[in-house]
Each structure stands twice: as C-alpha cells, then as structure tokens.
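Pasting a structure below so you can have a look.
Computed from heavy atoms alone, side chains included, the values below leave out hydrogens, waters and symmetry copies. Letters A, B, ... mirror the listed sequences (proteins, then strands); counts begin at 1.
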2 protein chains.
Amino acid sequence: MGRNRTIELLRDVDDLPADDRQFVAALERGLRVLRMFSSAHETLSNGELSRGTALSKATISRLTYTLSRLGYLTHDPASGRYRLGPGALALGYASLSKFDVRQVARPLMQNLADYAGASVALCARDGLNMIYLEFRRSPNALGLGLDIGDRIPLATTSVGRAYLAAMSDEERKPLLDEIRRNDPSAWPKVRRGIEQAIRDVAERGYCTSLGDWVPEIHSLGVPLDVNSPYGILSFNIGGLASTLPPRLIETDLAPRLIGLTRRVAEMLGASAAAERLPVKPVKSGR
Amino acid sequence: MGRNRTIELLRDVDDLPADDRQFVAALERGLRVLRMFSSAHETLSNGELSRGTALSKATISRLTYTLSRLGYLTHDPASGRYRLGPGALALGYASLSKFDVRQVARPLMQNLADYAGASVALCARDGLNMIYLEFRRSPNALGLGLDIGDRIPLATTSVGRAYLAAMSDEERKPLLDEIRRNDPSAWPKVRRGIEQAIRDVAERGYCTSLGDWVPEIHSLGVPLDVNSPYGILSFNIGGLASTLPPRLIETDLAPRLIGLTRRVAEMLGASAAAERLPVKPVKSGR
DNA sequence: AAAATATGTTCCGCTATGCGGTACATCCAC
DNA sequence: GTGGATGTACCGCATAGCGGAACATATTTT
C-alpha cells in the first residue's frame, strides 16, 4: 500500500494520532522529560517534572530512574533534584558542532548585536517552536535570559514569523492548522500577526514582533532560505522595547539584518561534502 | 580479531541488570539510537543503526520513525539517511552552556594547545567512556577528528586513567569490575595500565597513555577534583606520538598541564548559586 | 535481461512491558 | 501532633512494542 505519501514535517508533541502502530510512546515520554531541562530550568524535581509533562508520578519516577542509570540525568541526593548529565551533552553537541552556518554567521551576529545594543539569534524550527542555534548579544544588553538550545514560540515571535513567511503555501498550511488547534482562542490575533509578517517579508524583506510575545520585547526577523539539513533558518534582532523603537528598526536595523542575512547566504555556496563511515556491528552482549 | 581501522567510540554500557522492574527499556533503546550519532557518524541509515545498536530492523524502523516525528532526527528522503534534528540540540546544549568550568578553562587550554602543537581536552565520565566537555587544539595539530560531545574509552586513555586515579578506592572498585567484564581478554593489560596510572598520579600528579588506545597517539592526563555536578573531571594533552615524545611530556608538558589544572581549580572557589524557577502545570492536552 | 543482494516498511501474534491507582514512607510547616 | 507536600514500591491488567517473516523497492551482479 503506497499510502505513506505525507511529507515528513515534525509534528509537535501533544497531538498523537493515537492509533499509530509505529509510534513508541515510552520513548516519547522519556524525551518529554529530558526536554523539560533548559536554561530556564537547570534542575528539576520529580514533582516538577510530573506537573510539567502531565505524566503520572509513578511514570516519572521510572523514567528519571532510567535516565539516571544511563547517564542522561544526574541526581543530587541532597536536594532530590535532577539535572542533565554528561550523556545528554553528546546528543546535542554533535549536531551543532559541524553545522557551518553558525561558524560563518557568528562574527557578523556579534557585530550587529554590539551595534544595536541588543541580541541577535539564528534559529531553526522545532515543532511549534523556534530553537536557538546560535546567539550573540551585546555585553550591556538587557533581555530575556535565553541561550543556545532554548525554544521560543513560532507563532508570535519575529523569527518564527519570518520562518513561516519563507515557506511555500503548501508547507505552511498544515503548520498553521496546528497552531490554530494548539490555542484556538488566540488564533484570530495570531493569524493577523502572521499574515502581516508574510506581507512584510514579501515587500520589505523583514517582519517584526512588537510585544506580541512578551509585552516589553521588540524584535525583527529575516528568513535565511538556504539548503541546510535543518531546513529554513531565520535570524532575529531582539531586545527591550525602549532599545528597539519601531522607527529605528525600520530605518536602520532592518537593512542591516537583511544585509547580514544576504552575506551569510553568499558565503554558503560551497558546503555539502557528506562523509559516510561504515558502522561495525556491536557484539550483542547483554 | 580484526584491525580497528575505524575507531568505534560508541560502545555502550551494555550490561544492565535486566530484571529491573523500574527500568524503561524502550526509552533506553531509543536513546541508543540517538547516541549512535556523533562527529564520526553525522548521518546514519536504518541498516547501520540496526547493526550498530544490535536492535532488530523492525525495532529500529519504529524508533527512527518516532524520533523523526518528534524532531530529534531528520530524514533525508533522497539518501534515506537520518541525522540529528533540531530537537536533539536542545538537550545537550542546555547542560553545556551553564557549566562554568569550561568558560574558565578554555583560554588556558587554548594557550597550552598552541604551545604544545597538540590538543587539550576537558572530560567527564559517561559510563565506560570519557566525554569531551571542552576541546581546544593548535591550528596546525594533526590528530583524531574529535570534538565536544565525543566519547573515548575510559580504561586506555590518559584522561580516563587520570579520572580513575582520582576516585576513592570504594568508588573505583565497581567501575573496574565493569571494565573487566566488558572485555575480559584485554583486562590484564588494561589493569596494568590503570595501576601504573594510579601510582603516577600519586607520585607525580599526572599519568600517560603512550599508544595504549590508538597506537600512534600519545597523551597525558591530570585529574581535576572539583565539586562539579558531573563529578570528577580531567584534562589531557593529546597528539601524535612524534609530537609528544615521553621526554618532552615528562620535563615540560606535564608540569604545564598540572599548572593549568591547579589554576582552574583555584578560580572555581566562587561558583554555586542555584536558581530554582517554579514549573507551571501543562494543560494535559494530548 | 533476470537474478541476486541489500535495503527499509508493514503485518501480526504473543508476551513482557510499562502504566497508573493505591499504599507506604519521609520530610516539612505549623 | 495533624495536614500537606514529596518520592518510592507494589502489583494487576491492558496493551505497547518486540521480532520473525512477508512484502516492497533500490542497487548490483551475472
């Protein structure tokens, strides 16, 4: 039966088509737990995990036990709290390190961040979020305490909207559906923001979010449509509203961020080169 | 057995006490899959994964499907191969970024790497491996293509032995048992190396591995016994045998690496400060 | 050209798995 | 003390998810 035609978009957690004989739920649950750890929650207790993941206490207990045995979490016996262990590190870093857009973009991002007295980020999509791949900020910039690996919403941030604006209509459609389903009550407003962004990107090359996500934060985003394994990427400049007034964005920062994006895109002509090492069988010990 | 032409870093801690009512096996299997991806294997096919993890084809197929849906892997339809997706990144990076030993040590490590024309690494233990937390190398140094997040064996490398040397006898005991069980035939030789290292560290503050892991690689290691969430850490200098002759190590490099370690340890007086944010319940959507 | 290999996906029966309710054990605060 | 948290352990039961095999599909061999 050749019915597996659907494009593999990364459907986010939460909506499991339930009756999927292929889906390994226990794995998903375990990853839900790991996912809770971010720069905002360096350490978490079983209780917090249970609340944050909507999994039963017993289940969490088993999962944290398993993850600890495997080195993905470490347990602080004194506080009874967990934090990411050395094992977790290997996962993420491997993908980051060889990802050359970052190397190329980093110095330019730092310059612009310093110039604007704000922060500049490079993001990819992860479900209904945008995830920080690279992040530079001006030393004296105030802002949210974000860092590489953190996630921010897709629908209400400028990076997210820039991302959406760069997609083809067919790709965007299902994603918008999901956003709507995810929070129907917010949808009318969210939708307007996105449509505006699509127009803005088409006409001026950038879009904004002036307090649409966090009231006191302004930001602008520009998509980078380059052939990366993570698909479309996008840049933003973000900071306090007072630092980034609309006029400044429009006349000065937007052209600069667009320029940055253009230069990065140019520098990425020669990439690729996939090496494929053979993988030896592992003795099935156990 | 055959020559180790390709270095297999991913040997897992294969021996789990099996009958553990608390242990979630499906989760472990899924993580085994993610773990296969490293700087040596940027992309992998289902077949390679099946071989490398000793899991059945059907199981791998289900796991890669699940991981892809969740954004931890991305699938390249053309080649049929997987690579780590944006989701994976969030895991590792969160733990790395806030880990201040790295910030402190990095510049010193770079200096020493440049001076020695070799590479310098900071490692923690992950099962029976040492994992690279930070890594600096001289621009013109040849060596293994390692990077942050990669793993190398505990028992035959200098960092690993330095780590072992810094443990208390009671802690070390079970670990040594595990090493022995993991490869009984190699044990006599491995054991001698470790005992030598323990003596060396006690008497001179460092230990070496002169080709004990990879024939043409020499290295020396120094433990850093500081109160970190990852437990004991250790530094190494590593490079080609011709670059790191024993005499040079003994007279020049060892004192320098010990000095580096000492300085890092001193700088880490004022650390700690744990912030604990509350965790809001998640609407149990589903 | 098959035919032979190697690859990945799907199907399906069976059992071990892992889920969650409950009970138990601590630890706080008051 | 009691009441409210917290985390672990137990255990019955449904089902998740495992693996062998059948089925596709691509790649190479003859």
Distance, rounded to the nearest Å, where B:N46 contributes CG and C:dA6 contributes C1'
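In whole Å, C:dA6 C1' and B:N46 CG are 13 Å from each other.
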
In terms of the nearest nucleotide of DNA chain C, which residue is placed more toward the 5' end: A:Q22 or B:V24?
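It is A:Q22 whose nearest nucleotide is closer to the 5' end.
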
Atom CG of A:L63 to atom C1' of D:dA16: distance rounded to whole Å?
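These atoms are roughly 14 Å apart.
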
How do B:S45 and A:T59 order along DNA chain C: which one's closest nucleotide is nearer the 5' end?
B:S45

So how far is it from A:T43 OG1 to A:E48 CD, rounded to the nearest 0.5 Å?
7.0 Å

Could you tell me the separation between the CZ atom of A:R81 and the C1' atom of D:dT6, rounded to a whole number of Å?
12 Å

Roughly, in whole Å, what's the span from CD1 in B:I60 to C1' in D:dG19?
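Taking CD1 of B:I60 and C1' of D:dG19, I get 13 Å after rounding.
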
To the nearest Å, how far apart are B:Y82 OH and C:dG8 C1'?
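To the nearest whole Å, that distance equals 8 Å.
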
B:R32 CZ - D:dG17 C1' separation (whole Å):
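Value for this atom pair: 15 Å.
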
My understanding is that only residues two or more places apart in sequence, or in another chain, count here; which of them pass ring pair (Phe, Tyr, Trp, His ring centres under 6.0 Å) with A:Y65?
none

Give the intermediate values and the outcome of salt bridge (Lys or Arg N to Asp or Glu O under 4.0 Å) for residues B:E28 and A:R69.
CA-CA 10 Å; B:E28 190 265 349; A:R69 281 195 61 102; over 6 Å; no

Excluding sequence neighbours, so at least two apart, what forms side chain to side chain donor-acceptor pair (under 3.5 Å) with B:D225?
none

May I have the distance from B:R62 (atom CZ) to C:dT9 (atom P), rounded to whole angstrom?
12 Å

